[in-house]
Amino acid sequence: MTTIQLFFLLRAKGIVLALKGDRLSVKGEKGSLDDQKLLDAIRENKQEIIQILKQKSAGGQDGIYSIARQTQYITPSMLPLVELPQEALDGIVAAVDGGAVNVQDIYPLAPLQEGVLYHHLLTEVGDPYLGYSLLAFDSRERLDAFLSALQAVISRHDILRTGVQWEGLPEPVQVVWREAELPVEEVALDPQAGSIEEQLKARFDPREYRLDIRRAPLLAAKVAEDPGQEAGTP
């Protein structure tokens, strides 16, 4: 097992590596460190791990992130949690903006996720799991501040930067992007055609509208100005 493979596996198991002086500290949830082979792999790669963590400390950057950012080509041996042929893996990477350097992780779906995907594919119009919130802001500045905050939340949480791919694969997988930009669509609506709020609801009704769940994030913002009100409505 290479050091890169080891970092991916440790992250998946929720195991945290840190330095205490020149000593390597290994912490994880109960039961996560019971795998003797995993502990042996940490010992075998100990010196290289320490050097990576020292670079992280000196540069103020995440050492695991730096390793993966240098990976221009992902191979099946780098994915301990899913078995995929190289051809299928290449297809997954090609569908991610930025390619391999923007792929953080690839996992199999959990049983609940498999059920959600099944109903999504079964429904050709709309999506039974798609929901929406209608918000109003009294200035464009406040709207932009909200969108910026939402983008910050997406950047912080892996689950919000995850898409699902299944086409041409032996099994569906979830793909975590390192960077995923919130899609923001400016919608021009005619106030003479009725309430802007009702027009937005009708145009993006989950019974009719679908997101492309192959792309992260699984969120989108639709923004429309409501000149008849004191607030714009996204």
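Starting from 1, each residue takes its place in the sequence as its number. Note that the structure is predicted; figures quoted are calculated from it, not measured.
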Query raised in the report: Do the non-hydrogen side-chain atoms of Leu89 and Leu79 ever get within less than 4.5 Å of each other?
Result: yes
Report task. Report yes if the side chains of Pro172 and Glu114 come closer than 4.5 Å at any heavy-atom pair, otherwise no. Result -> no
Query - Carboxylate-amine/guanidinium contact Arg43 Asp40, below 4.0 Å - result: yes
Query raised in the report: Do side-chain atoms of Ser139 reach the backbone of Arg142 as a donor and acceptor pair under 3.5 angstrom?
Result: yes
Report task. Please lay out, stage by stage, how Ile15 and Leu38 fare under the test side-chain contact (heavy atoms from CB on, under 4.5 Å). Result -> CA-CA 11 Å; Ile15 297 173; Leu38 184 60; 3.5 Å; yes
Report task. Mind jotting down which residue pairs meet the salt bridge (charged side-chain N to carboxylate O under 4.0 Å, His left out) criterion with at least one end in residues 83-95? Sequence neighbours excluded, please. Result -> none
Query raised in the report: If you measure from CG on Leu143 to CG on Asp138, what distance do you get to the nearest 0.5 Å?
Result: 10.5 Å
Requested in this report: Could you walk me through whether Ile106 and Gln165 pass the side-chain contact (heavy atoms from CB on, under 4.5 Å) test, one step at a time?
Outcome: CA-CA 10 Å; Ile106 300 176; Gln165 293 195 34; over 6 Å; no
Query raised in the report: Would a distance-only check, ignoring hydrogens and angles, find a side-chain to backbone donor-acceptor pair under 3.5 Å from Gln199 to Gly194?
Result: yes
Query raised in the report: Looking at CD of Gln51 and CG of Leu19, how far apart are the two atoms once the value is rounded to the nearest 0.5 Å?
Result: 9.0 Å
Report task. Taking all non-hydrogen atoms of both residues into account, name the closest pair between Arg215 and Asp97 and its distance. Result -> NH2-OD2, 2.6 Å
Query raised in the report: What distance do Asn45 atom CG and Gln47 atom CD have between them, rounded to the nearest 0.5 Å?
Result: 10.5 Å
Report task. Look at the side-chain heavy atoms of Ile, Leu, Val, Met, Phe, Trp and Tyr, link any pair under 4.5 Å apart, and say whether Ile49 and Leu39 land in one connected group. Result -> yes
Query - Any Trp166 side-chain heavy atom under 4.5 Å of Leu109 side chain - result: no
Would you be so kind as to tabulate the donor-acceptor pairs closer than 3.5 Å made by side chains of residues 180-191, with sequence neighbours excluded?
{"residue": "Glu185", "atom": "OE1", "partner": "Lys222", "partner atom": "NZ", "Å": "2.9"}
{"residue": "Glu186", "atom": "OE1", "partner": "Arg140", "partner atom": "NH1", "Å": "3.4"}
{"residue": "Glu186", "atom": "OE2", "partner": "Arg140", "partner atom": "NH1", "Å": "3.0"}
{"residue": "Glu186", "atom": "OE2", "partner": "Arg140", "partner atom": "NH2", "Å": "2.7"}
{"residue": "Asp190", "atom": "OD1", "partner": "Gln192", "partner atom": "N", "Å": "2.9"}

Report task. Kindly give the heavy-atom pair with the smallest separation between Ala88 and Gly168, and that separation in Å. Result -> CB-O, 4.4 Å
Query raised in the report: side-chain contact (heavy atoms from CB on, under 4.5 Å) between Leu117 and Gln113: does it pass, once the steps are laid out?
Result: CA-CA 6 Å; Leu117 175 61; Gln113 292 173 312; over 6 Å; no
Query raised in the report: Closest approach of Pro108 and Gln174, non-hydrogen atoms and distance?
Result: O-NE2, 3.1 Å
**Report entry** Sub-6.0 Å ring centroid separation between Phe137 and Phe146
**Finding:** yes
Query raised in the report: Is Tyr129 reachable from Leu121 through a run of I, L, V, M, F, W or Y residues, each pair having side-chain heavy atoms under 4.5 Å apart?
Result: no
Query raised in the report: Who passes salt bridge (charged side-chain N to carboxylate O under 4.0 Å, His left out) against Glu198, sequence neighbours left out?
Result: Lys201
**Report entry** Main-chain N/O of Gln151 paired with Ser155 side-chain donor or acceptor, under 3.5 Å
**Finding:** yes
Query raised in the report: So do Leu24 and Ile42 actually touch side chain to side chain, heavy atoms under 4.5 Å?
Result: yes
Query raised in the report: If Ile, Leu, Val, Met, Phe, Trp and Tyr residues are connected whenever their side-chain heavy atoms lie under 4.5 Å apart, and connections chain through other members, are Ile159 and Leu150 in the same group?
Result: yes
Report task. Look up atom CD1 in Ile92 and atom CD in Glu167, then write down how far apart they are to the nearest 0.5 Å. Result -> 11.0 Å
Report task. Flag yes if Tyr132 and Leu135 sit in one hydrophobic cluster, no otherwise; membership is Ile, Leu, Val, Met, Phe, Trp, Tyr, and two members link when side-chain heavy atoms are under 4.5 Å apart. Result -> no
Query - Within-4.5 Å side-chain heavy-atom neighbours: Thr162 and Leu218 - result: no
Query raised in the report: If you take all heavy atoms of Ser25 and Lys20, which pair is closest and at what distance?
Result: OG-CE, 4.1 Å
Query - Option from Arg210, His120, Arg207 for which side-chain hydrogen bond (donor to acceptor under 3.5 Å, both in side chains) with Asp127 holds - result: His120
Query raised in the report: Does Val176 offer a backbone N or O that forms a donor-acceptor pair with the side chain of Arg161 under 3.5 Å?
Result: no
Query raised in the report: Out of curiosity, does Leu134 fall in the hydrophobic cluster containing Leu130 (side-chain heavy atoms, cut-off under 4.5 Å, transitive links)?
Result: yes
